[in-house]
Asks: 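I have a structure here, written as structure tokens, and I will follow up with some questions on it.
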Amino acid sequence: RALMSNLYAAGLALRPERNVDRSANQEAKRAALARSIADLEAASRFGAGVQRFDAIPFFVDAVKKQDLRAEAGGIVTFLAPSLPLPIETSPTLYADLVEGFLAEAGDAAAAGGVATVSLKAASGRLIATVRRSGRQPIAADAEARAAAAERRLLIEGLARACGGVVSFSTRNGHVLEVPLRLSGG
């Protein structure tokens, strides 16, 4: 969780700021990011406590957060599957991955559009898709675009740590694929 929460603050610390003292505060943000990245690397190398759990509640919670983030501007739609979908991976890494991936839906909804989140299981993989419709987001400033790019890099790393892949496409939607069994057997 610390990794996702430090991302935005670290992104600001890594870019030049306007009329702000480059003091210990920036160094603390950089140190927090470095610790978080080291923790992610160690967790992915050592398995980060692989467990079997239901994948659906993580999506339900993340969608709620992004829908609240949108406020009255837009909406995030998601029809949660009625049956549990067991997955075997690190719950900690998986939670951060889902939350970060669905921030893409929150971006679309916060801009006044509609983001549709869908899930399916196929060929031993969980496939999540975020599609945007309605109004296109207003061109964000350079800082917001840089923070989104940093978040996407982090999501790609988390997806790899969970044995999966992620792709970002405005044409076909954003797609996250993770194996249902990290152990491969």
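Start at 1 with the first residue, then count along the sequence. Not measured: the values here are computed from a predicted model.
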Asks: Test of understanding: with side chain to side chain donor-acceptor pair (under 3.5 Å), list the residues that count as partners of Arg69, not counting sequence neighbours.
Replies: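 For Arg69, the residues satisfying side chain to side chain donor-acceptor pair (under 3.5 Å) (neighbours in sequence not counted) are Gln66, Asp107.
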Asks: Starting at CG of Leu93, measure out to SG of Cys162 and round the result to the nearest 0.5 Å.
Replies: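 Those atoms lie 5.0 Å apart.
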Asks: Passes side-chain contact (heavy atoms from CB on, under 4.5 Å), Phe53 versus Thr89? Steps please.
Replies: CA-CA 8 Å; Phe53 55 90; Thr89 191; 3.7 Å; yes
Asks: Kindly give the heavy-atom pair with the smallest separation between Ala115 and Ala105, and that separation in Å.
Replies: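 Taking Ala115 first and Ala105 second, the nearest heavy atoms are CB-O, 3.5 Å.
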Asks: Please check if Leu68 and Phe59 belong to a single hydrophobic cluster, counting links between Ile, Leu, Val, Met, Phe, Trp and Tyr side chain heavy atoms closer than 4.5 Å.
Replies: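 Each belongs to a different hydrophobic cluster.
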Asks: Which ring-ring contact (aromatic ring centres under 6.0 Å, His included) pairs, counting each pair once, include a residue from residues 147-168, with sequence neighbours left out?
Replies: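 ring-ring contact (aromatic ring centres under 6.0 Å, His included) check on residues 147-168 returns Phe168-His174.
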Asks: Taking the hydrophobic residues Ile, Leu, Val, Met, Phe, Trp and Tyr, and joining any pair whose side-chain heavy atoms are under 4.5 Å apart, which ones share a cluster with Leu153?
Replies: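 Listed partners: none, Leu153 stands alone.
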Asks: Is there a path of hydrophobic side-chain contacts, each under 4.5 Å between heavy atoms of I, L, V, M, F, W or Y residues, that connects Ile87 with Val60?
Replies: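 In one cluster with Ile87: Val60, yes.
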Asks: How long is the straight-line distance from CD of Glu88 back to CZ of Arg181, given to the nearest 0.5 Å?
Replies: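 If I round to the nearest 0.5 Å, the distance is 4.5 Å.
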Asks: For a side-chain contact (heavy atoms from CB on, under 4.5 Å) check, start with the C-alpha distance between Val117 and Phe101, then their side-chain angles and the critical distance, and finish with the verdict.
Replies: CA-CA 10 Å; Val117 177; Phe101 179 69; over 6 Å; no
Asks: To the closest 0.5 Å, what do you measure between CG (Leu85) and CG (Leu180)?
Replies: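 Separation between the atoms: 5.5 Å.
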Asks: Taking atom CG of Leu102 and atom CD1 of Ile155, what is their separation to the nearest 0.5 Å?
Replies: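 Taking CG in Leu102 and CD1 in Ile155, the distance rounds to 9.0 Å.
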Asks: For a quick test of reading the model, state the closest non-hydrogen atom pair linking Arg52 to Pro86 and the distance between them.
Replies: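 Looking at all heavy atoms of both residues, the shortest contact is NH2-CB, 3.6 Å.
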Asks: Excluding sequence neighbours, so at least two apart, what forms ring-ring contact (aromatic ring centres under 6.0 Å, His included) with Phe78?
Replies: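 Partners of Phe78 by the ring-ring contact (aromatic ring centres under 6.0 Å, His included) criterion come out as none, since no residue qualifies.
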Asks: If you compare all heavy atoms of Pro91 against all heavy atoms of Phe58, which two are closest, and at what distance to 0.1 Å?
Replies: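 Here Pro91 and Phe58 meet closest at O-CE2, 4.0 Å.
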Asks: List the steps, then state whether salt bridge (Lys or Arg N to Asp or Glu O under 4.0 Å) holds for Glu104 with Arg132.
Replies: CA-CA 9 Å; Glu104 297 290 330; Arg132 174 183 298 177; 5.0 Å; no
Asks: Got a sec, which hydrophobics cluster with Val175, joining ILVMFWY side chains under 4.5 Å apart, including via others?
Replies: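 Grouped by the 4.5 Å side-chain rule, Ile127 form the rest of the cluster around Val175.
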Asks: Considering all heavy atoms of both residues, which atom of Ala159 and which atom of Leu97 are nearest to each other, and what is their separation?
Replies: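 Nearest heavy atoms, Ala159 then Leu97: N-CD1, 3.7 Å.
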Asks: Specify the closest pair of heavy atoms between Gly163 and Pro179, including all atoms of both residues, with the distance to one decimal.
Replies: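 Here Gly163 and Pro179 meet closest at O-CD, 3.2 Å.
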Asks: To the nearest 0.5 Å, how far apart are CD in Glu99 and CG in Leu158?
Replies: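 Going from CD on Glu99 over to CG on Leu158, the span is 10.5 Å.
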Asks: Is there a donor-acceptor pair under 3.5 Å between the side chain of Asp67 and the backbone N or O of Val76?
Replies: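 Pair found, side chain donor or acceptor close to backbone of Val76.
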Asks: How would you list all residue pairs meeting side-chain hydrogen bond (donor to acceptor under 3.5 Å, both in side chains) that involve residues 110-126, not counting sequence neighbours?
Replies: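 For residues 110-126, and leaving out neighbouring residues, the side-chain hydrogen bond (donor to acceptor under 3.5 Å, both in side chains) pairs sorted by first residue read Thr77-Thr116, Arg125-Glu177.
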